[in-house]
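Structure record follows, encoded as structure tokens.
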Amino acid sequence: MSDFTPVTELECREAWAYFREVKHYVGFELPPYFNFDEILSSSCKILDGKDLAEICVKNEKSKPDFPCNYPDVNYVILSNKDGGFAWRPMQIIHPVLYMDLVNLLTNEKAWIEICSFFKRRSESLIECISLPLKSNIAESNKAVTVSNWWDKIEQESLRMSLDYRFMFVTDISNCYPSIYTHSLEWAICEGGRLAIKEKRSRGEKPSNIGTQIDTKLRNMNEGQTIGIPQGSELMSFIAEIVLGGTDIELTERIKSKIGTEVKFKILRYRDDYRIFSEDYKTGHEIMKILNEVLYAWNMKMNTAKTSETSDIITSSVKPEKLEEIYTSPLQLPFQKSAMRIYQISKKYPNAGLVAKNLTDYFDRLKRGKRSKDFDFEVVVAIMTMIAYYSPKYMPQVASIITTIIQMSDTRVDRNMIISKIVDKFEYVPNTEFIDVWLQRITGADEINTYDFKSTITKVATAQQDNSVLWNSHWLNDDDKRTIEAVRISDLPQRIEEHSFSPIIERDEFELYRGGYD
């Protein structure tokens, strides 16, 4: 048996169960006292055998008042990208709307239509490495997907140096926020974008499963047609439908303009492209065609990440990995090792290498062999600044900080240190994701003393109910009360039962059971 199964090879009920998993509903790390299983179950009961229209409140004309008429139906957690004003919105979709979309995608007829589309996409000239995968081994689905990226993108790119002279690299600028929801209908239509436009020009009203997905997405976003929520495996899958449509159109244009006798290869991982060619002109022409196709689908290349090279070996590996290969010693003392990770985080904010190094650092700490140069407060300060420049890895940093405090053989004032860390992020914009993990490292007795900016931290401590996360006023009264009453955090119970651990262990943040290079 393979280590993984592409989600498009699952039966419709298996696909439903895959997307129903909490780890696919919320695709970013939250502390373990958050659990959305009950609220997803409640959403399933609300929707049981019902169409969305049946559970909506009625307007003055006794017609369904759909969620597209309401703001803030999804909860947005803003994550700072670099300690400055760059940010990424991650959304926890309203659980009822999420399960409604899962139900639509995975009903038997729709799932057959979607899988048929992906089969057509697989016949394109673009090799896609980013379809969601169901793990058949101990590693998480996310870990298997990333391992697949390593083997099929970086390793395959290195192999391509024997067959090709040039490599062109690019990605899509702000991919998820740029996706035109109507383009889902284009993608799934057998004739693609042009066929849909031609039918509409004749006054026809074509419809497929993409049309219905489009409607569901607009219900999540005040009726807007630009952008899809980020933060769940379901949305990654929907993005793959759109990008699969561009793969098919790109293939058709390449065939008509270049032909298939010319030697080239195209790899795509989500919105990242690598194009290999034997001659410069072919690669450049494919890049030009790709740019035209993306523009027609309301997307564009990220010029800052677009490059061309004849040094395929060096360019196939991320620059931060090359730097580690060329310059880092096998192992440094703890304080110097922390400084090295800090420098990486400044130079390559949120790079995967930062996560790997932090995880390795955590493992070294847990083995308990510390050198004489280990100053607890200094290392905490360095780690805090690593999270400042790479906020994505706050879970790893938080685990290291709590471990350091536990291991201190002097009396470290935990509350004073945490207070200083909280103050450090006070004036950094868009730090809701960091707030969640600052709350996690706060002692049980002091957890309610901090006024964190993130709304979800107040829900975690039961100071607020779910009405502050999701606008449910579009639901009928009984269902609205159900959604608002379900607890998504057992933090108060853990504190009361003295089971709230001050130490963050590896399983709260780890991607892999073992190391990964």
Side-chain angles (χ1 to χ4, degrees), residues 116-131 149 151-173 175 178-180 183-198 210 239-317:
S116 175
F117 158 74
F118 277 106
K119 184 176 181 181
R120 294 200 316 273
R121 196 233 66 84
S122 68
E123 296 168 356
S124 74
L125 296 174
I126 294 82
E127 184 178 344
C128 171
I129 324 293
S130 48
L131 269 180
W149 179 88
D151 184 56
K152 295 293 181 65
I153 290 288
E154 287 203 343
Q155 298 291 77
E156 184 66 14
S157 295
L158 292 169
R159 295 184 192 103
M160 289 301 100
S161 64
L162 288 175
D163 299 315
Y164 300 95
R165 295 175 58 212
F166 297 95
M167 181 175 76
F168 297 76
V169 176
T170 192
D171 72 4
I172 298 172
S173 180
C175 182
S178 300
I179 288 177
Y180 183 47
S183 65
L184 283 151
E185 182 182 70
W186 304 349
I188 291 177
C189 175
E190 288 231 18
R193 178 179 62 88
L194 297 178
I196 289 289
K197 288 184 174 292
E198 184 180 339
E240 283 299 332
I241 296 176
V242 174
L243 294 170
T246 65
D247 290 344
I248 293 171
E249 183 167 330
L250 177 60
T251 294
E252 292 171 351
R253 291 210 189 188
I254 289 174
K255 285 180 178 178
S256 65
K257 292 191 174 184
I258 298 177
T260 56
E261 294 181 0
V262 179
K263 188 178 178 182
F264 63 87
K265 186 178 182 69
I266 305 173
L267 303 178
R268 177 176 67 78
Y269 181 83
R270 295 187 178 172
D271 62 335
D272 292 312
Y273 294 83
R274 295 191 179 190
I275 299 168
F276 303 87
S277 63
E278 182 57 29
D279 64 276
Y280 177 85
K281 182 179 178 182
T282 298
H284 192 271
E285 180 65 18
I286 292 173
M287 288 283 281
K288 179 175 178 292
I289 297 170
L290 172 61
N291 192 47
E292 293 169 352
V293 170
L294 292 177
Y295 181 79
W297 287 67
N298 195 58
M299 295 179 281
K300 62 181 180 180
M301 286 183 182
N302 184 347
T303 55
K305 293 185 178 180
T306 299
S307 62
E308 54 195 49
T309 183
S310 59
D311 183 0
I312 296 178
I313 292 291
T314 302
S315 301
S316 292
V317 182

Min side-chain heavy-atom separation [X]-[Y] under 4.5 Å:
X: T246; Y: M299; result: yes
X: I172; Y: M301; result: no
X: M167; Y: S316; result: yes
X: I275; Y: M287; result: yes
X: I126; Y: R121; result: yes

Nearest-0.5 Å distance that lies between atom [atom1] in [X] and atom [atom2] in [Y]:
X: E156; Y: F276; atom1: CD; atom2: CZ; answer: 7.5 Å
X: E127; Y: S122; atom1: CD; atom2: OG; answer: 11.0 Å
X: S277; Y: F166; atom1: OG; atom2: CZ; answer: 6.5 Å
X: C128; Y: I266; atom1: SG; atom2: CD1; answer: 12.5 Å
X: L250; Y: L243; atom1: CG; atom2: CG; answer: 11.5 Å
X: L290; Y: Y273; atom1: CG; atom2: OH; answer: 5.5 Å

* Structure fact -> Sorted by chain and residue number, the side chain to side chain donor-acceptor pair (under 3.5 Å) partners of K255 (sequence neighbours excluded) come out as none
* Under the side chain to side chain donor-acceptor pair (under 3.5 Å) test, which residues partner N298, sequence neighbours left out? ->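 With sequence neighbours excluded, N298 shows a side chain to side chain donor-acceptor pair (under 3.5 Å) to no residue whatsoever.
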* salt bridge (Lys or Arg N to Asp or Glu O under 4.0 Å) pairs, two or more places apart, involving residues 286-300 ->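 Residue pairs with at least one partner in residues 286-300: R253-E292, K257-E292, K288-E292.
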* Salt-bridge test for R268 and E240: reply yes if a basic N is under 4.0 Å from a carboxylate O, no otherwise. => yes
* To do: Show the numbers, then the answer: is there a side-chain contact (heavy atoms from CB on, under 4.5 Å) between W297 and I179?
  => CA-CA 8 Å; W297 287 67; I179 288 177; over 6 Å; no
Main-chain N/O of [Y] paired to [X] side chain as donor or acceptor, under 3.5 Å:
X: R120; Y: I188; result: yes
X: S315; Y: I312; result: no
X: T251; Y: L125; result: yes
X: R193; Y: G245; result: no

* Answer yes or no: does atom NZ of K263 have more than 12 heavy-atom neighbours from other residues, nucleotides or ligands under 6.0 Å? =>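 It does: K263 NZ has more than 12 such atoms within range.
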* Are Y280 and F168 an aromatic pair by the rule of ring centers under 6.0 Å? -> yes
* Asked: Side chains of W186 and E249: is there a donor and an acceptor less than 3.5 Å apart?
  -> no
* To do: State, without any angle test, whether R165 and S310 hold a side-chain donor-acceptor pair at a distance under 3.5 Å.
  => no
* To do: Report the residue from N291, D271, N302, T306 that forms a side chain to side chain donor-acceptor pair (under 3.5 Å) with T170.
  => T306
